Each structure stands twice: as structure tokens, then as C-alpha cells.
Amino acid sequence: VFGFCLSLLQERVGDVGFFAECAGHDPCVTPGVYAIIGSAAMLSAVSRMTVSLVVIIFELTDGIDYIMPTTICILVAKWVSDAFGRDGIYDELIILHDY
């Protein structure tokens, strides 16, 4: 939703201000990138994976430009989820089912 709203804002405002670097190029804001980074952050928060998830997302997108934003979002999501509890969803399911 955030990426879609930014792309609409770029279409409405044009190539001024924040979007000045986008003049004459393809759209700078791609909603799909926000969706990929958001889903990676959600998976990181639920499963507590970090570095391996960054590598998986890099292999899926084949975009070296997305490594830093993905890493930052995954680390922030993990820190926030660690504030609520230390165990991931899989550890909690093991405890719940008494395995």
C-alpha cells in the first residue's frame, strides 16, 4: 500500500522536489519493491531469520540495489519482534504442541 501511494504521488507531483532525480526515466517508485521488502520484514519478524533471509531475497530478485534496504528492514523487524518475545513462531509451536 505504501509503495502504491508513493507511485501515485510521483505521478501527480511530477519531477519536482523529492522526485527530481526521476526526471525522464522510468518510474523511480516501484510498488513491487515495497511489497518484497515488506514481506521479507514480516517473515523475519515471524521466523527470526536475518542473514539467510537477506540472501534468499537477493537470490529471488537478483537486484544488488535492494540489499541494503532489505537488510535494514529485516533487522528493524527482528528488533521489534524481539521486543515482544525472544522465540519465533516455530519455537512457540513446538512448545504449544509439547514436542
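Every heavy atom of this structure was used, including side-chain atoms; hydrogens, water molecules and symmetry mates were not. If you're wondering where the values come from, they're calculated on a predicted model, not measured in any experiment.
A 6.0 Å sphere centred on CG of Leu60 holds more than 12 heavy atoms belonging to other residues, nucleotides or ligands. Counting heavy atoms of neighbouring residues, nucleotides and ligands inside a 6.0 Å radius, atom CG of Leu96 exceeds 12 of them.
Nearest heavy-atom pair across Ala45 and Ala77 is CB-O, 3.9 Å. Listed here is the closest heavy atom pair of Ala41 and Cys73: CB-O, 3.9 Å.
Within the 3.5 Å criterion, the main-chain N or O of Asp87 finds a donor-acceptor partner in the side chain of Arg48. At distances below 3.5 Å, not a single donor-acceptor pair connects side-chain atoms of Ser44 with backbone N or O atoms of Thr50. Distance alone, capped at 3.5 Å, is enough to place a donor-acceptor pair between the Ser47 side chain and the Leu43 backbone.
Every residue was checked against the side chain to side chain donor-acceptor pair (under 3.5 Å) condition with Asp91, not counting sequence neighbours, and none meets it. Residues passing the ring-ring contact (aromatic ring centres under 6.0 Å, His included) test with Phe84, sequence neighbours excluded: none.
A distance of 12.5 Å separates OG1 in Thr70 from CD1 in Ile56, rounded to the nearest 0.5 Å.
No side-chain heavy atom of Lys78 sits under 4.5 Å from any side-chain heavy atom of Ile74.
Cluster annotation: Val55 and Ile57 are assigned to distinct hydrophobic clusters (Ile/Leu/Val/Met/Phe/Trp/Tyr, side-chain heavy-atom contacts under 4.5 Å, transitive). Put simply, Val54 and Ile37 are part of two different groups of oily side chains (I, L, V, M, F, W, Y) that touch within less than 4.5 Å, one to the next. Cluster annotation: Val33 and Leu53 are assigned to distinct hydrophobic clusters (Ile/Leu/Val/Met/Phe/Trp/Tyr, side-chain heavy-atom contacts under 4.5 Å, transitive). Met42 and Tyr90 end up in the same hydrophobic cluster when Ile, Leu, Val, Met, Phe, Trp and Tyr side chains are linked at under 4.5 Å.
The ring pair (Phe, Tyr, Trp, His ring centres under 6.0 Å) pairs that include a residue from residues 51-82 number zero, where partners must be two or more places apart or lie in different chains.
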